[in-house]
Engineer: 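Below is a structure I'd like to ask you about.
For ligands, and for the atoms within them, numbers begin at 1 and follow the listed sequence. The residues of the chain are indexed from 1 along the displayed sequence. Here the structure is a predicted model, which is why all the values come from computation and not from measurement.
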Amino acid sequence: MLGEKALILLVDDEPANIQLLAGYIKDDYQIKVATSGEQCLKLCAATQQPDLILLDVDMPGMNGYQVCEQLKSSPSTAPIAIMFVTAMQTEEDEETALSLGAVDYLTKPVRPAILLARIKTHVKLKIQHDALVNMAMRDQLTNLYNRHYLLESANHRVAKAMRQKSPISLLILDIDHFKQINDTKGHGAGDAVLKSLAELLQQQCRLEDIVARFGGEEFVILFDECHLATAVKIAERIRARIEDSHPNGIFVTASIGVAELDNGNEGFSELVKRADDAMYEAKRSGRNKVLF
Ligand SMILES: [Mg+2]
């Protein structure tokens, strides 16, 4: 988002209204348009979500209120800011709109300067909100997910796997002799090793896998839809890549434990425990190896 223009979605069944609004804001923002509520929902499900929606109320099919209600009811679309822009002028209309979670309510005809000022405020708040959410779920040094985020989302993933009877595997990785790196090469070098390893892990995983920094030099990867045999294969590849990576010219190895969820018979904490036990056994029996 930084350095990029915020994305605003204009929704109105009258193309002339969209054109008018677009004319006011096109220099300062990226714009997408929809001429129905249904189309608006579709665009909000896309990878690049709008930061703000200017939403008409009176439309054939789904009206603006229904669109707003639906967007606010889903965690993935709830953060999108919604500003109603409508010809409906009564107090009740405005009250309804705001009670549904819209951040603002403008009546047509809009005054361009007011529209722009309000958009600016809401876009700024939205971007700050996104930044805070991102900070809360990521580890500052490596930009991987943090422990808190992993634990939070793991419970959802495990519940889903149970429902769909699909496999989940977990990998725990601990850098060997990390304290020695910090002690002999300094903390700057230690941090560089952590960062480079985080990048390597991210490259070896699919987008849907959760790669997290679990503790100091400990990392966890949660593989969705993945049996033990596949997870062990990936773990072995990761172990070999780390051994070859020489970040900052430092020879680094890691010990890795892998386990698959015993679906229906255990929760996430038991799964972590088994992967952790395997990792400690890998440490105890010589390090730089994968056990499961
Ligand atoms: Mg309309």
Engineer: Have a look at Asp58 and say which of its N, O or S atoms is nearest the Mg ion (ligand 1).
Structural biologist: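 Distance check against the Mg ion (ligand 1) picks out O in Asp58.
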
Engineer: Checking side-chain polar atoms at under 3.5 Å, does Asp176 have a donor or acceptor matched by the opposite partner on Ser255?
Structural biologist: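 Yes, Ser255 and Asp176 have a side-chain donor paired with an acceptor closer than 3.5 Å.
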
Engineer: Step by step, would you call Asp277 with Arg274 a salt bridge (Lys or Arg N to Asp or Glu O under 4.0 Å)?
Structural biologist: CA-CA 5 Å; Asp277 288 347; Arg274 288 195 294 115; over 6 Å; no

Engineer: Could you pull out the atom name of the N/O/S atom in Asp13 that is nearest the Mg ion (ligand 1)?
Structural biologist: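 The nearest such atom is OD1.
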
Engineer: Within less than 2.8 Å of the Mg ion (ligand 1), any N, O or S from Asp12?
Structural biologist: no

Engineer: Taking 2.8 Å as the cut-off, does Asp56 contribute an N, O or S atom near the Mg ion (ligand 1), distance below it?
Structural biologist: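 Yes - counting backbone and side chain alike, Asp56 has an N, O or S atom under 2.8 Å.
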
Engineer: Looking at Tyr145, is Arg138 sitting on its ring face, NZ or CZ under 6.0 Å from the six-membered ring centre and within 45 degrees of the normal?
Structural biologist: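 Cation-pi check for Arg138 and Tyr145: passes.
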
Engineer: Measuring from atom OG of Ser196 to atom CG of Asn248, what distance do you get when rounded to the nearest 0.5 angstrom?
Structural biologist: 8.0 Å

